[in-house]
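Handing you a structure now.
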Amino acid sequence: MATMAHEQHPALTHGEVTRDVVATLGPPSRGYVLMLGGAVALFLVGVITFVALLKEGLGLAGYQPPVMWSVYITTFVFWVGIGHAGTLISAILFLFRSPWRTAVYRATEAMTVFAIMTAGLFPIIHIGRQWVFYWLLPYPNQRYLWPNFKSPLLWDVFAIGTYLTVSTTFLVVGLVPDIAAVRDKVSGWRKKLYAACSLGWTGSDTQWRHYTRAYLYLAALATPLVLSVHSVVSWDFAMSIIPGWHGTIFAPYFVAGAIYSGIGMVFTLLIPLRKLLKLEHLITEYHFDNLGKLTLLTGSILFYAYAMEYFVAWYSGNTYEQTTFYLRAFGPMWWAGWTMIICNAFVSQLLWFRKIRTNLTALFIISIFINIGMWFERYVIIVSSLSNDFTPYAWDQLNPTWADWGILAGSFGWFAMYFLLFAKTFPVVAIQEIKEMIPMPRKRKGAHG
Amino acid sequence: MADDTPSNGINRRKFLTVLGVAGGGTAALSGCSTDRVQKLVPYLVQSEDQVPGIPTVYASTCTECAAGCGLHVRTREGRAIKLEGNPAHPINAGTLCARGQAGLQGLYNPGRLSGPMARGADGSWQELTWEDAIARLAERVGGGAGRLAVISGAGEGTFADLLAEWTAALGGRLVRYEPFDHEPLRAANRQVFGLDQLPSHDFARARHIVSFGADFLETWLAPVEQQRGFAAAHGYRDGEMAKHVYVGPRMSLTGMNADEWHASAPGTEAVVALAMAHVILAERSGAPSDANALRGVLAPYTPEMAAGECGLSADAIRLLAREFASARPSLAVTGGVAMQHRGAVEACAAVNILNYVAGNVGETVRFGSRLPAADGYGALDGLIATMAAGEVGVVLVHEANPLYAVPKARGLADAFAKVPFKVSTASVLDETAAACDLVLPNHHALERWDDRRIRAGVVGLMQPVMEPVMGSMPTGDVLLKTAQKIGGVMARFAAPTFEAHLKAAWAELARQRSASAPVFWMEALQRGGLYEAPPAPPGVRLAAGAERVGYTGPDLDGEGALVFLAYPTSMLFDGRGANRPWLLENPDPVTKITWQSWVELHPDTAKDLDVREGEIVRLVSPHGTLEAPAYLYAGVRTGVVAAPLGYGHTEYGQYAKGRGANALDLLDGGAGRAFLPYLSTRVRLERTRGYQKVAKTEGNPRQLGRHIAEAMSLPLARQGLDPRQAHYAETGGTPHEINTERELEAIAGFAAAQQAATKLGNYAGEHPRWGMVIDLARCTGCSSCVTACYAENNIPTVGEDEVLRGREMSWLRIERYFEGGEEPGEPLEARFVPMLCQHCGNAPCEPVCPVYAAYHTPDGLNAQVYNRCVGTRYCSNNCPYKVRYFNWHAYNKTAFPEPLHLQLNPDVTVRARGVMEKCTFCVQRIRGAQHQARLEDRPLADGDVVTACAQACPSGAIVFGDLNDPASRARAAAADHRGYHALEDLNVRPVITYLAKVQHRTEA
Amino acid sequence: MRKLALLAGGTALLLAGVGWAVRDASSAVQTSAAGCDSLTAPTLAAGDTARLRGPRQPIFFRHDIHAGQYKIQCQYCHYSVAVATEPGIPSMQTCMGCHLVIGGADSASKAEIRKLREASAQQQPIEWVRIHYLARHAHFPHMVHIKALGPTACATCHGDVTRMPQVFKVNNVNNMGWCIDCHLERTVSRDCSVCHY
Amino acid sequence: MTAPKIPGVLAAFAHIDAATDAIKALRAQGHRDLTVYSAAPNHELDEALAHPVSPVRLFTLLGGLTGCASGFAMTIWMSRDWPVLVGGKPIAAVPPYVVIAFELTILLGALSTVAGLVLLSLLKPTGRLLYDAKFSDDHVGIFVPCAPEQAQRVVELFRKAGSVEVHHAPA
């Protein structure tokens, strides 16, 4: 325990931890302001596009029947996937008592919440009559109508809703003691603010007693949840009969992909962030090394899944499946298909080397590949499968337009905006959990209670 | 929408008073809004035959081509909302082609003129009052300006007679002109049989049909009648079907429906026919005695000689001749516009000889029933000469658009400009009207009194079915009023209106039949005209001219490497269809291209020239040039380049103007000829580096062995095999069963359990199960059902740009798949499948809808509740047939510019933006029939419900009915051994049963 | 916890209140109708229309006089209601059929009938303000309902017009639940495609 | 923090073993209602205090069960309330409803856990106890409520145990 702790935080005292983390909440640097500005600008692009969609109709986007879902659903799945890494690190690794999660889990949990917030917008953006999206909710109405619980889309509503609520609670609960810590370090209006947010936390033994338990159960609940959510998302496709979608492998395949993409995003966020907030000694190579191993694992699962998809298509002898997968590799969308395979299956294999796992520049570049690759994975699965399904006469290829890219850009802006604001407002490193790792000083040397 | 402010041109006030309920008809457009303040406008005077909410049907006659089919015009609240076939009519018997149905968009065309106009001094148009307009006309034609010429496209009838008398009385010259007049046919009949008329063909009785470039399913003579006959003969019934062979350089729709296509070299039809006649005579298979006289004439035309000319093998010709002779009666037809080259008469004559030799004349080829047709191109050509010579003072153009229909090379425009005073009666500003000084818009045929002599014993009546949409005036009245204004000799045209004149003419008809005039009139009006049996055909013998038959081969000018083939399409015909959105969006049955013109190249030719599909190519002939995107089509002979007629209007309303290129620009003007040579020139193909994505609705033209469009050979069909068995019988191999007995039992048990679990609420008890059977052996792919569906269900036309995005909304589409034709020598085969919602019992689209907008009704319909739909589009993704269509934009706002919105069917919701829509099996007709039955306290009978597509189909390929009713035709048809479901292996349980196509396969 | 309970309770009360208010509104219709209980409809001037419920019409046509006092059958004017989906609006001809001779009892009605005669003289149709406008995506075949419920069933949806000096909307015909209630009560199919197509 | 303070003694410890010594000593003297502040949960303190297991898990269990039950109840009832046939499947088809039930299990389970946490610990009034900002940083604090007369003895005890400073709440 102690040794592990020292491996990641060489000789830090509780006091120093508090000091350094609270320091991150100080006045923003120039780089930070620039990034925030960029995020807000992107977000506005999205808003303008959405207004145009409301006014003119979805026709503005490049939909080309039979491709009835395209960039929006792709991006939806992408963001849901991003979320998964956060919960994995914060909840599942917590249950496994994995020591290296503590430094990074707060940031990743926040990433989860904001990713789901982003994803949650897409089902609304992509439907034909956005103003009646609430018809998907089971609320009593004068028409006596209820939604169709057999529809995977309704499962989505519940899965995403639950996931957002639970991961938000999980994040907030984790934050309370740290906010209290900040409260006791700052002064003036900020003290008042944090005092309000700390919900009267004092760190008394009773509070800790219930808190540790509650946190454990939340983690225990979040663990099956995170596995279920992307399974449900995958069933949006697997439950249909479209060749290329209708596969039993989808749930595990999507969950693995989700975590893979999520960690990719963790790299993309943390590597700049630790520079920006000077957290180099709290978030160390040690953490990235472990994250890298996780990426390697999930990446290899994806590699396997891709191989299996093609194998099953061939082995099934099902002509529809075979055509779909042949065209996926050699059809009009070959470039997308290969982008996905190279970025995910092959690039991830570089992480076999410790040198690369601990080289932040390399990791950052790889993480960009992962993000691109995983976006294209969804794009390929959704678009190429729809482009050529059962009725050859109806086949057609998608041509995305500015409206597609506008919303995509907007989603990144929206996400980045929230993440940056969070990083400046709340401790992105879990103070109390790190302290838990670092033993308090004792009077009597040697002995151990 | 009905409560808009009155818009230009439309006589709204009057319209509303007829409408009875403002909004009742047209506010269907308002989609989902309910809060708008509505006005209720009552009738001033309640007409007996208009009850709001109940359609009133008037009989009339179609004027979209010369065939003259009978119409039933369905009107609601005083608006015509749909054109349907008149079941009593001898020609179309209740069916109607796409062009005929689109006549409604001629009535409501946004391009229609609001009233008479004259060119001002500055060349701009000024609106006139009718008094003024008629005064001007009277002054010019009566006031000694003299040298009057009249060009009229009006078919035989009381009006045509009046016009003739009127012109004669003014000492003018009348040219009756119809663009596709089949002059070569008449000339050949004159030559071979000494009869100056067109024959009528009895396709239904023919056991073997050979068409030498006569597109009798599309544009040749009376397509609907011929299609009905063809379906009767060629449609499979009890082990029998006629064989159909098509000889010509391009596989037209008619060619696609042939069992064999022989791609003869352009202009060599004659020699093939002669060689066949030669063989038949040589083998003496029962030719009439006087045919022997032809032996000498035919001697040189041996199959070998013909083979050298036309590119068919001698054996093929021999085989063809034997089959043709042995099947009695058989029928050979020719004289299509596309094969009309300078020597076309000899081809027609040769085919006459062939028919005669095979003993078909008097059997399947009958004379005496058709009336002498128009004066032909020769007369117009003469007039052009006189106009060019400046010898014409006034020209009046009626129901004709020569400035478009005559190739530029003839120089008509300049000649026309030489005429000091030019008048047109066009109701839309077409090319000719635009060049005139005075335009007197005529009523549309549905707004006026008129009649049409169609053939001996058949006279179609037309009556006003609604208040005029625009401030137009029937030209008949104009003639009479002008005459009365001129006075003098013209005073004898005393009838107050043309209506009176017409009634007088019919009183005369009644007198001839010694019937009471009023009764005779009323009966005729209700029936739709006078339908009497045709007179007995005269005995036909060879005339002296028969000796002169021969073959000289096509005479083509131009030095290019490619022969240019201009052909009329089923949709645009001679170009008059180009301002009808329904026809522009209904894909050309052959190429599946919409809204654009194109240039057809054989893939090999294209490879040689290194041209890809969509590349804009320039064709250069001695007479002009044409630019259009290339379309690669294996159905056109190598070395031939084909382009559709009817595009490239320079006027003629917002839809037609500037759309595509006019193939006539490449053609020889035919100066001094009796007919226009459409196949007259060679062209040079130049590549422009331009590219234009072809707006075709087809994705992949091959069905990749997926069992969508099934066909079997005649012998297998005779054995009573089902398509699956036939498939294995042909490919060898055996159907392997996956499920064991016990598995099957388990599946059945599971199905039963599921059924039990679905018998709640509305689903308990007995219900009908609506189903449809489509006989692919009868379907010709003519696409008449598609337009019927657009008309019945308020389907919006989305326009070229949206079609390019694959967003056409056609609930019913005709899928055209090609088989073979890939290796050299392998015959190319086309199959048509009308693809519409299959209303699956296990519909994949239904469970995925989060709000139950797509669900299954107790009577077995796969319903789509527009107002519940939120537009997730999951249903469309999950539909294996891809027959669901999404409103990407507010098409309901853009597709029906005034007054087109008056065509909307008030029984069908007009879908708003953002919702999914699809075929409903015309649920509004089902509910209407159920309500009617309820009012009459009777159960629904088979045939009470007919879907729009089934009603329109000239082939009678579609049967609709209740599959739970043991007595229903649909149920019986569905039990046919040829029956199968598309993509059956998906187990979605469609209620649409297709009956596999049956083919005469040539054993090589 | 107490707060939560309060919140829930409050909502419940609120809903109950709304429900009661609605019921009250509908009963108010009855009372207003009961106001003119006698067979002879009250004398009202056109000026009074402002006080009455429902939109003002170009002519102050009194259903309470025509259908109530004189007991003219609904179908005399709404001629197609039993045979067609549309009930039909009486043509000018129909009105003039009586009002050629009937000039009105009091000055108020005289004035209104004069409007009618003038309109008829100028062949100008009267544009009545529509009160019941059913959304276009729902189809209500009048004839079937008349067939099922009898010729006097109009009141089921339109209220008792025989007591309405000026017709007003009694029921929101676009409230689907209200249609469904009736269909359930009478065990008529409530399959969506019965009305929506 | 305006509420009158509960009289007692508050001590801060920089060393963990010192704090545990103090706690053990106090408990030995019969002080049961100690309040021990720490910046992070610490197992040595737990051992010293020897608390029973927190009842939060009951909230989790009940919430989860409620969620599961309501999930199935809602879906099945709503399907049968207006039966609509889709894809030839049973009107109320349980397998797809498992997903809904599962999600609601997690949702209500999590929410009630948090509710439990809030009710059991955060709603407890802490304002009347002495508190020091150090405790959320790097010190352990122990507060013993006691009458002024006993105070002196407690202070002594703390000193012996080795507290870095001692506060005194006047009565």
Side-chain angles (χ1 to χ4, degrees), chain B residues 13 16-17 20-24 27-47 51-54 77 761-763 852-853 855 857-859 861 863-868 906-912 920 922-924 926-928 930-932 934-935 937, chain C residues 55 57-58 77-97 119-120 122-148 172-174 176 183-184 187-197:
Chain B
R13 166 64 46 246
L16 289 184
T17 58
V21 179
L29 262 178
S30 65
C32 293
S33 78
T34 60
D35 48 359
R36 291 148 56 250
V37 176
Q38 288 287 324
K39 296 279 190 221
L40 294 173
V41 183
Y43 292 101
L44 279 170
V45 178
Q46 175 60 38
S47 61
V51 180
I54 295 180
E77 284 86 58
N762 302 327
Y763 297 90
Y852 286 124
Y855 80 104
T857 70
D859 46 358
L861 299 176
Q864 177 70 17
V865 188
Y866 309 126
N867 45 307
R868 178 64 170 167
D907 291 337
V908 179
T909 311
V910 177
R911 282 75 57 187
T920 61
C922 291
V923 62
Q924 67 280 6
I926 297 176
R927 299 290 174 248
Q930 286 169 330
H931 293 152
Q932 202 49 41
R934 177 94 168 69
L935 289 187
D937 295 307
Chain C
Q57 298 289 357
C77 300
H78 301 288
Y79 52 96
S80 62
V81 73
V83 294
T85 53
E86 300 280 335
I89 306 299
S91 67
M92 185 72 80
Q93 207 182 18
T94 315
C95 307
M96 292 308 289
S120 154
Q122 300 153 1
Q123 290 293 292
Q124 276 301 318
I126 295 146
E127 299 199 359
W128 303 102
V129 177
R130 191 166 190 160
I131 294 164
H132 295 92
Y133 179 83
L134 183 60
R136 283 290 152 199
H137 54 258
H139 297 261
F140 181 84
H142 276 84
M143 72 287 197
V144 187
H145 291 82
I146 294 295
K147 170 88 177 176
N172 174 5
V173 293
N174 285 310
M176 177 171 149
H183 273 229
L184 283 176
T187 64
V188 187
S189 171
R190 55 170 166 159
D191 176 56
C192 317
S193 76
V194 166
C195 309
H196 298 301
Y197 46 82

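Only this structure's heavy atoms are used, side chains among them; waters, hydrogens and symmetry mates stay out. Residue numbers start from 1 in every chain, and the chains themselves are labelled A, B, ... in the order their sequence lines are given, proteins ahead of strands.
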Contact summary for C/Ala148 and B/Arg934, nearest pair of heavy atoms: CB-NH2, 3.6 Å
query: Side chain of B/Arg927, backbone of C/Ser193: donor and acceptor closer than 3.5 Å?
result: yes
field: Spacing of B/His931 atom NE2 and C/His145 atom NE2 [to the nearest 0.5 Å]
entry: 8.0 Å
- prompt: What heavy-atom pair brings C/Ser80 and B/Pro52 nearest, and what distance separates the two atoms?
  reply: OG-CG, 3.8 Å
Closest non-hydrogen atom pair between B/Val51 and C/Ala84, with its separation: CG1-CB, 4.1 Å
- prompt: With a 4.5 angstrom heavy-atom cut-off, which part of C/Pro141 approaches chain B: side chain, backbone, both or neither?
  reply: side chain
query: Quick one: of B/Leu935, B/Thr920, B/Ile54, who has the most non-hydrogen atom pairs under 4.5 Å with chain C?
result: B/Leu935
field: Minimum-distance pair of heavy atoms, taken over all atoms of C/His139 and B/Asp907
entry: CE1-O, 2.9 Å
query: Quick one: what part of B/Thr857 sits under 4.5 Å from any heavy atom of chain C, side chain, backbone, both or neither?
result: both
task: From the options B/Asn762, B/Val865, B/Asn867, select the one residue that forms a side-chain contact (heavy atoms from CB on, under 4.5 Å) with C/Cys192.
output: B/Val865
query: With side chains defined as the heavy atoms from C-beta onward, is the minimum distance between B/Asp937 and C/Lys147 less than 4.5 Å?
result: yes
query: What are the two closest heavy atoms between B/Tyr866 and C/Tyr197, and how far apart are they?
result: CE1-C, 4.0 Å
field: Under 4.5 Å from any heavy atom of chain B - which part of C/Ala82
entry: backbone
field: Under 4.5 Å from a heavy atom of chain C, the part of B/Tyr852 involved
entry: neither
